[in-house]
Every structure is written in C-alpha cells, then in structure tokens.
K.L.:
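What follows is a single structure, and I will ask about it in a moment.
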2 protein chains.
Amino acid sequence: MTARRPTRQRAALTEMLAQIPEFVSAQDLHTRLAAAGSSVGLATVYRNLQALADDGEVDVLRTDTGEALYRACRSATHHHHVVCRVCGRTVEVEGPPGLNTWSQRVSDEHGFREVTHTLEVFGVCATHPVG
Amino acid sequence: MTARRPTRQRAALTEMLAQIPEFVSAQDLHTRLAAAGSSVGLATVYRNLQALADDGEVDVLRTDTGEALYRACRSATHHHHVVCRVCGRTVEVEGPPGLNTWSQRVSDEHGFREVTHTLEVFGVCATHPVG
DNA sequence: TTATGTGCAAAGGGTTTGCACTCCG
DNA sequence: CGGAGTGCAAACCCTTTGCACATAA
C-alpha cells in the first residue's frame with residue numbers, strides 16, 4: 001500500500017466525487033472542478049482517479065465506446081448498473097438470482113479459477129425523447 | 001440492412017478471422033493479414049469489423065484498457081464468454097437462465113428502453129500455475 | 001456507369017508521460 | 001532539504017474520417 005500525501009487537488013477531487021451520484025468521465029470531472037473554482041490539472045485528475053481505483057475507493061466502469069467512468073463507491077456489496085448511454089445516468093441494481101452460482105459453474109466446467117465477472121446494462125433513460 | 005459487396009479485402013479478413021480461435025484486436029488482425037501476404041488497409045479492417053459486428057457476425061469485447069477485440073462468432077445465438085486474464089483464451093458459454101428477463105425488468109423499473117447488456121466472466125485458465 | 005469499398009494520411013478523442021516546479025513531511 | 005504530487009504540453013494509442021481512386025453490379 002502506497003502512502004498518499006494529502007493535497008488540495010486530491011481533496012477537491014474526492015470531495016467532488018462524493019457529491020456526484022452518477023458515473024462521470026475524467027474529463028467531465030475535470031470540467032466540474034474548474035467550474036467549481038477548484039481547478040485541477042487534467043493529468044492530475046487521471047492520476048488520482050487511477051490511484052483511487054487501485055485502492056478500491058472508486059468504482060470504474062467502461063462504456064461500450066471504451067471510455068472510463070468513475071464514481072465514488074456507494075454500497076460495499078457487489079452490484080450492477082443500468083447506464084443511460086445518452087446522459088450517463090446510472091441506477092444501481094442487484095444482479096439476477098443465481099448469477100454467482102452460474103459464473104462459478106461455467107468457470108469450473110472449463111478449468112478457470114480466480115473468477116470475477118462484469119455485468120452491465122445499457123439503455124436510454126426516460127428523460128430522452130424516442131428517436 | 002445494407003447490402004455488402006464482396007471484395008478481396010473482405011474475403012481475406014473473414015477468412016483470417018475464421019482461423020483465429022481467440023479474440024484479436026483490429027491492429028493485430030491488420031498485421032496478420034499483411035504477414036499472410038493479403039495486405040488490407042487498417043481503415044478497411046476497422047470498417048469491415050464494424051460492419052461485421054453490426055451484422056452480428058463477429059463478437060466484440062472490450063478489454064479493461066478500452067481496446068476492442070474481435071472474434072468470429074462460434075454460435076449464432078446470444079452468448080457470453082469466460083476469458084483468461086493471463087493468456088486471453090476464451091470459452092463461449094450460455095448466459096444464466098433468466099438473464100434477458102432480468103435485464104428487461106430492471107430497465108423497465110427505471111424507465112430505460114433500447115436495452116442491451118454485457119456479461120463477461122474473467123478468470124485464470126488451467127494452463128497457468130497457481131500463484 | 002454509379003454507388004459502394006478501399007487506401008492513405010490526417011484528424012480525433014481519451015489517456016499517459018516527460019520534465020520542471022511546488023509543496024508536504 | 002528530499003521526494004511525492006502537480007501542471008502543462010507533447011506524446012501515445014486506438015479509432016474514425018475526408019477525399020481521391022478502384023471496383024463490383
């Protein structure tokens with residue numbers, strides 16, 4: 001475990017992150033910080049987000065375009081998300097019953113160990129008009 | 001549905017793809033094609049892979065670094081993967097029962113439409129010694 | 001002929017890195 | 001003071017796009 005040193009930037013970043021309910025991109029976070037008057041270099045945002053992710057203090061999510069989204073962890077328990085692909089609004093949901101059992105079983109069947117899984121749902125939320 | 005026209009490049013690409021058991025990146029595919037003497041422009045590789053993905057003829061997968069990996073579909077039905085995080089070896093598996101129903105339900109409950117989902121399992125396959 | 005496909009090179013977007021500077025300890 | 005942290009800009013990487021040329025129908 002690396003000893004992190006407290007800085008204004010890190011504080012601003014984690015504070016901001018704590019106030020944002022949805023997943024946001026690094027760029028987005030950078031913009032919000034600037035708007036809030038506590039400007040932080042973009043590189044620093046990336047570096048800190050990465051550090052926080054390494055320490056398990058933020059959730060990381062990849063959109064289907066490969067962009068990374070971050071959010072301060074809400075619940076400690078394992079959960080999944082329904083993500084709006086237009087605005088990024090995210091709802092936390094429980095996985096389908098038997099998901100863990102299933103992933104364990106299919107892994108066992110093929111000799112895989114140290115198993116994890118990712119399950120995300122993408123859609124368009126109600127605030128957007130039907131195209 | 002767009003009518004695709006048969007070309008040497010497309011043929012070379014799908015043929016190559018059919019011979020590769022694992023997921024490969026577009027760049028990798030481009031290199032292999034060149035090595036095999038049937039060079040295809042990188043942009044063309046990307047365009048064709050995208051077209052094939054749209055038509056559901058190849059599986060697309062995002063690594064945790066955001067890179068897209070492609071592989072010729074083995075089975076026509078919707079399926080998921082168990083991916084070795086050491087060597088990339090992949091096994092195709094059926095999703096847990098009720099997955100579609102579940103994703104539809106949780107999306108409906110929160111007003112999301114045009115729903116898709118991603119579910120991948122990551123582990124370490126049997127060919128690697130226990131760490 | 002003509003719309004679709006291709007190649008090249010340039011542009012794009014997200015992310016990382018080199019380097020000098022700052023600031024905590 | 002010494003080293004972790006920061007800012008800036010350039011570099012990177014994967015991917016997309018503009019445009020002129022080639023090609024299947």
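Convention: sequence-line order gives letters A, B, ...; per-chain numbering from 1.
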K.L.:
State plainly whether the residues A:Glu92 and A:Arg71 are in salt-bridge range, i.e. N to O under 4.0 Å.
P.N.:
yes

K.L.:
With sequence neighbours left out, write down each residue that passes side chain to side chain donor-acceptor pair (under 3.5 Å) with A:Glu120, or none if nothing qualifies.
P.N.:
A:His81

K.L.:
Let's see if you get this right: which residues in residues 9-16 of chain A place a heavy atom under 4.0 Å from DNA chain D?
P.N.:
A:Gln9, A:Arg10

K.L.:
Which residue pairs satisfy the ring-ring contact (aromatic ring centres under 6.0 Å, His included) criterion with at least one member in residues 92-127 of chain A, sequence neighbours excluded?
P.N.:
A:His78-A:His117, A:His80-A:His117

K.L.:
What's the closest nucleotide to the A:Arg4 side chain, out of C:dG7, D:dG5, C:dG5?
P.N.:
D:dG5

K.L.:
Listed by chain and number, what are the salt bridge (Lys or Arg N to Asp or Glu O under 4.0 Å) partners of B:Glu109, not counting sequence neighbours?
P.N.:
B:Arg105

K.L.:
Please list all pairs passing the salt bridge (charged side-chain N to carboxylate O under 4.0 Å, His left out) test where one or both residues lie in residues 23-37 of chain A, with sequence neighbours left out.
P.N.:
A:Glu22-A:Arg32, A:Asp28-A:Arg32

K.L.:
What string of B, S and - do you get for nucleotides 15-25 of chain D, 5' to 3', if B is base contact, S is sugar-phosphate-only contact and - is no contact with any protein heavy atom under 4.0 Å?
P.N.:
BBBB----BBS

K.L.:
Given atom CZ of B:Phe23 and atom P of D:dC14, what is their separation to the nearest angstrom?
P.N.:
18 Å

K.L.:
Tabulate below the donor-acceptor pairs under 3.5 Å that side-chain atoms of residues 38-51 of chain B make, not counting sequence neighbours, or state none.
P.N.:
| from | atom 1 | to | atom 2 | distance (Å) |
| --- | --- | --- | --- | --- |
| B:Tyr46 | OH | B:Gln27 | NE2 | 3.0 |
| B:Asn48 | OD1 | B:Arg10 | NH2 | 2.9 |
| B:Asn48 | ND2 | B:Thr44 | O | 3.1 |

K.L.:
Please enumerate all residues that pass side-chain contact (heavy atoms from CB on, under 4.5 Å) together with B:Ala11, with sequence neighbours excluded.
P.N.:
none

K.L.:
Could you tell me which residues satisfy side-chain contact (heavy atoms from CB on, under 4.5 Å) with B:Thr65, sequence neighbours excluded, listed by chain and number?
P.N.:
B:Thr63, B:Glu67

K.L.:
Expressed in angstrom and rounded to an integer, what is the separation of B:Leu33 atom CG from C:dG7 atom C1'?
P.N.:
14 Å

K.L.:
Just to confirm, is there a sub-4.0 Å distance from OP1 or OP2 of C:dG7 to any side-chain nitrogen or oxygen of B:Thr44?
P.N.:
yes

